[in-house]
Structure formats: C-alpha cells, structure tokens
There are 2 protein chains.
Amino acid sequence: MEALAQVAALLADRTRAAFCGALLDGRAWTATELAAHARVAPSTASEHLTRLIEGGLLVEHRQGRHRYVALAGPHVAELLETMTAFAGPDSKPRGLRAVSASEAMARGRTCYDHLAGKLGIALKSGLVELGVVTADLAITPSGLIWLKELGFEPSKRQVSRACLDWTERVPHLAGAAGAHLCEVFFERGWIRRIGTTRAVVLTPAGEQGWRELGLI
Amino acid sequence: MEALAQVAALLADRTRAAFCGALLDGRAWTATELAAHARVAPSTASEHLTRLIEGGLLVEHRQGRHRYVALAGPHVAELLETMTAFAGPDSKPRGLRAVSASEAMARGRTCYDHLAGKLGIALKSGLVELGVVTADLAITPSGLIWLKELGFEPSKRQVSRACLDWTERVPHLAGAAGAHLCEVFFERGWIRRIGTTRAVVLTPAGEQGWRELGLI
DNA sequence: CCGACGTTTCGGCGCGGGCCGAAGTGTCGT
DNA sequence: ACGACACTTCGGCCCGCGCCGAAACGTCGG
C-alpha cells in the first residue's frame, strides 16, 4: 500500500489537484496557463508539473519555449473521475460568475473525452431507450451495430464503462463508446464548448440530430 | 477540485494507506490490531482512524472497550482498487516470508468482497467461456439466469463491474455478481483463506465444484 | 473493588513540503 | 543583436502534520 500513498500524495495538494481538474477538459495546457488558473507563481507550477509527470499522471510536449502538459491518458481521467465522484463537488461557489459557471457545468460538460452532467444523463437515457446499452451501461449486440453505423470501430480499449457523475450521482457512459459519441457530436456541431471551460451545450442542430437518432 | 485533494490527503499517508489496505479483506479490525499491523503507537492509530472515519472512508462499531473499524462500503473498496491499480504493486517484498506471502496473494485473494489474482482471472475466463459475461464483463441475459440459479438476487447495486487487477493488469469481475459468487464459494468451502491474510486458495472440493459448473 | 487492558487526549518534537522571489537558461520576434 | 517571454533552479521561509510518550478515561474480569 506504499505505492497507493505515493499516488495519493500527488493529488493531495490543492494546487496539483486544481491542475488535474483543469486538464480534465482533455486539452493540453501550458505551464503559465495552469499557474494563472491555480493562482501560484510560475516557479511553483513548474515544480508541481515535474512531480506530476514523474508520477505518471501527466505527459509533456515541449514546443519551443512552451511546455504543454496533458493527462497521460484515459486511465488517469478514470482515476480522477472515481476520486471526484467519491469526494463530491466542491462546497461553495463564491460570487455570481462562479455560480453561473457551476450551473453550466451541471447542465453539461466533458469528462476528459465523454459527456457528463445532465446532458450525459440524457444521452444515457436515450441510449437505454434505444436498446444500445442496458441499464447497467453494457453495450448490447444491436447497440454495437448502431455504434458502427456512426463510425465506431472497436479497439483494445474497453468499449463501455460506467462513470459516476459527481453532480448527478448517476452513472453515465464512458469508455471507448462514450468517447466516440462525444467526438462525433463535436464534429457535427451538435455540441459546443462554452468559452474555454469544460462546460458544453447542445446546439439547435444537436437537438434536431438527437431527435432524428431517437435519443430524445 | 478542493474536495479531491482532501480525499487524496487522507490516503497520502503511508500509515493510513496501510490501514485501508488491511481493511480491504472486508473484515472489521480493532484499533490495536491495525496499530500493530502498521507498526505505530496506539495513540497514533487512534488519531488516524478518527480522520478516516470523519472523511467517510471507514465506519466504526464500538463494542465494550474495543473499537472495530471497517471500510464504509463497496464504494470505498472500488476507490482503493482503482488507485492501487494505477499505482501498481509495492516494489520490493523483503525476506522469504514476505516473498511467499506476496506469491500467495498473486495466486488468489479477495478484493474486499470478490475474487482477484490468478484465481479471479480464472473465474472470469470460465464465466466468459460459459457465456455468463461478455469479454467486457457485462452480464448476458442467460448469464443472469445462471446467477439466479446460484441464489443471486438483483439489488440496487450495479450487477457487474470491471475491477483492474493490480498483479495481473487484467480486469476481473466485481460488483454485486462478483460479490455473490465469492460468498457462495466461501459457503460451500470451495475457497479458503490462508491464515489471516487476504490470500485465498481453491480447495479440492472447490476444484471439483468449478469443474461441475464448467468453469474449468 | 482492583488491576489489566483498549482507547483517547495532549504537549512537544522534527521533518517534509509548498510557497515565493531572484537569478539563470533557452527560444522567439524584431 | 537585442529585448521580451516561457520556463527552471535555487535558497530560504514557514506551516502542517505524523510521530511518540505520559497521563486520563472507560470497560472487563476476577
């Protein structure tokens, strides 16, 4: 259990945890961006990033004078999701901006590479309704065909996985299938990010698309 | 991400992590037992236990002058499993006793309420062979009937869940179904604990039972 | 009722680690 | 070539926290 403590220690610091939370949007951030986000000096951020990379949680990608970092993969996102689901949402959003931001996150957001929030729950309900997945979020044989018609190709990665939503406390669809659907929705302009946050909305085109697929 | 850091901090200490690791056997331990296990003074253990309980990871059950503690539920076990799978096994078992103990754990052990190790992998393979679960560890309709014949009754808990094995790096069966099978195997004397550890072995009766069920 | 035992509280010690600013390195744009 | 910029390294500060032992409390057994 020695190793467990070491991984936990990496996430036990509010600044490093804030970095990981920001990176849950699935994009790569520069060191300076993360420093500003967590309100610490660049030198402090640099040291934290080095530790997170050595611990295998993050990967870096140097480009000129920039140091881009990103989550090391879906397995890290799953770890963070599991822990966040256990910990529950942060207690008190302070101020009007923070409140409206957290409401937007609750309506819909990306969870690294798939959809979460009320939007994620709606997607799951639709998929269950269509018989693509069972109530336990296992892909059905007919569901696999349905996914393939949307361009899904099975890989080594687990096709479906339940991810516990930390705002709704209900499992939604993660894994390769969840990631693929999210990708397709972005490509088709059915969902769109709000500003630079993880929050997303269903566009009018998306609403129509979902209706045509029988998701709503 | 504030809340994530707080949960992580609970597990970021080697002593508290050792407590949780010991409690992964699913039983309730007294404060003194845990103190001896982690080689710290009783007073130190007492303070750690209070913190873990306040953090929701453990529950206590006072009985006379004893303070029994146990994991707060399957969700805590899942959290620990996810983190341990990410962290990997502890590096170096020291001495002959430690080596043979870790080999026994690799052969078969309980993961809170279900089977893991090579034994868990064997069980999974058998279940896939029988068509009880898919390769992704989702229960099939016929598999549900098979489980019910073994006394399984669906509840609110998720029926099947993939748990990543930290010795084999392969997912095995957790969730309500995994817990039920483990329980049945213990009742029938098919598996037995080695000493007081989490390690288990398949008994001769168990080998025959598994053969009759078509698991091996 | 008394001693043994499991547990808790408290004071105090020492280490680890998170933070910053200053100075240094490397890269880009002009 | 030069300054601006992103990042890193280092020294130093200080707070948090894990540890223990001593003492107190509660329970059990005789």
Side-chain angles (χ1 to χ4, degrees), chain A residues 1-23 27-70 87 90 196, chain B residues 1-23 27-70 87 90 196:
Chain A
M1 294 297 115
E2 186 74 16
L4 191 159
Q6 287 175 12
V7 173
L10 283 177
L11 297 169
D13 174 74
R14 54 168 56 198
T15 301
R16 285 193 296 268
F19 284 5
C20 293
L23 291 166
R27 297 177 307 164
W29 292 49
T30 68
T32 315
E33 286 170 342
L34 287 171
H37 179 78
R39 302 176 187 279
V40 292
S43 57
T44 304
S46 175
E47 289 171 344
H48 283 310
L49 290 179
T50 302
R51 290 190 57 180
L52 287 168
I53 290 165
E54 283 176 353
L57 288 166
L58 267 44
V59 288
E60 70 179 349
H61 176 244
R62 303 209 178 223
Q63 209 170 79
R65 55 185 166 185
H66 296 282
R67 180 195 208 180
Y68 287 96
V69 294
D90 282 356
T196 59
Chain B
M1 294 297 116
E2 186 72 18
L4 190 158
Q6 287 176 13
V7 173
L10 283 177
L11 296 169
D13 175 73
R14 54 169 56 197
T15 301
R16 286 193 296 269
F19 284 5
C20 292
L23 291 166
R27 297 177 308 166
W29 293 48
T30 68
T32 314
E33 286 169 343
L34 288 171
H37 178 78
R39 303 176 188 281
V40 292
S43 56
T44 305
S46 176
E47 289 171 344
H48 283 310
L49 290 179
T50 303
R51 289 189 58 180
L52 287 168
I53 290 165
E54 282 176 353
L57 288 166
L58 268 45
V59 288
E60 70 179 349
H61 176 242
R62 305 213 175 219
Q63 209 171 78
R65 54 184 167 185
H66 296 282
R67 181 194 206 180
Y68 286 96
V69 294
D90 282 357
T196 59

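Within every chain, numbering begins at 1; the chains are lettered A, B, ... in the order of the sequence lines, protein sequences first and strands thereafter.
- When the nucleotides dC10(C), dT8(C), dA6(D) are ranked by their closest atom to the side chain of His66(A), dA6(D) comes out on top.
- In this structure a side-chain-to-backbone donor-acceptor pair under 3.5 Å is missing from Glu47(B) to Thr44(B).
- Rounded to whole Å, atom P of dT27(C) lies 16 Å from atom OH of Tyr68(A).
- Among the protein residues, Arg14(A) comes within range of no part of the nucleic acid, since none of its heavy atoms lies under 4.0 Å from any strand.
- Taking 3.5 Å as the limit, the base of dG18(C) and the side chain of Thr15(A) contain no donor-acceptor pair of atoms between them.
- With dT8(C), dT27(C), dC20(C) as the choices, the nucleotide that has an atom nearest any side-chain atom of Val40(A) turns out to be dC20(C).
- Residue His48(A) places at least one side-chain N or O closer than 4.0 Å to OP1 or OP2 of dC19(C).
- Positionally, the nearest nucleotide of DNA chain C for Thr44(A) lies more toward the 5' end than for the other of Thr44(A) and Gly64(A).
- Taking atom CZ on Arg39(B) and atom P on dC20(D), their separation rounds to 12 Å, with Å as the unit.
- Nearest to the side chain of Ser46(B), among dT8(D), dT9(C), dG26(D), sits dT9(C).
- Taking atom CZ on Arg67(B) and atom P on dC28(D), their separation rounds to 17 Å, with Å as the unit.
- Put simply, CD on Gln6(A) is 14 Å from P on dG16(C), counting in whole angstrom units.
- Rounded to an integer number of Å, the gap from Arg65(B) CZ to dG6(C) C1' is 7 Å.
- Sequence order on DNA chain C of the closest nucleotides to Asp13(A) and Gln63(A) puts Asp13(A) first from the 5' end.
- Atom-to-atom distance recorded for Arg67(A):CZ and Thr50(A):OG1 is 4.0 Å, nearest 0.5 angstrom.
- Here Met1(B) contributes atom CE and Leu11(A) contributes atom CG; the two are 11.0 Å apart, rounded to the nearest 0.5 Å.
- For Ala41(A), counting side-chain heavy atoms from C-beta on, the closest listed nucleotide (dG18(D), dC20(C), dC19(D)) is dC20(C).
- Counting any heavy atom pair closer than 4.0 Å across all strands shown, Thr30(B) reaches sugar-phosphate atoms only and no base atom.
- His37(B) and Trp29(B) have perpendicular rings, their planes meeting at more than 60° on a 0 to 90° scale where under 30° would count as parallel.
- Distance from the side chain of Arg16(A) is smallest for dG18(C) among the nucleotides dC19(D), dG18(C), dG26(C).
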Should Gln63(B) and Tyr68(B) be marked as a side chain to side chain contact (heavy atoms under 4.5 Å, CB included) after you check the CA-CA gap, both sets of side-chain angles, and the distance that decides it? CA-CA 7 Å; Gln63(B) 209 171 78; Tyr68(B) 286 96; 3.8 Å; yes
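- Here the nucleotide nearest the side chain of Glu47(B), chosen from dG6(C), dT8(D), dC19(D), is dC19(D).
- As rounded to whole Å, 13 Å separates atom P of dC17(D) from atom CD of Glu54(B).
- Dashed line: the shortest gap from a side-chain N or O of Arg62(B) to OP1 or OP2 of dG6(C) is not under 4.0 Å.
- Rounded to a whole Å, the CG atom of Leu49(B) is 12 Å from the P atom of dT9(C).
- The interatomic distance linking Leu52(B) (CG) with dT8(C) (C1') rounds to 16 Å, in whole Å.
- Backbone-only engagement by Arg51(B) is indicated by non-hydrogen atom pairs under 4.0 Å involving sugar-phosphate atoms exclusively.
- Counting only distance, with no hydrogens or angles, the side chain of Arg14(A) and the backbone of Glu2(B) share no donor-acceptor pair below 3.5 Å.
- When the side-chain nitrogen and oxygen atoms of Ser43(B) are compared with OP1 and OP2 of dT8(C), none of them lie within a distance under 4.0 Å.
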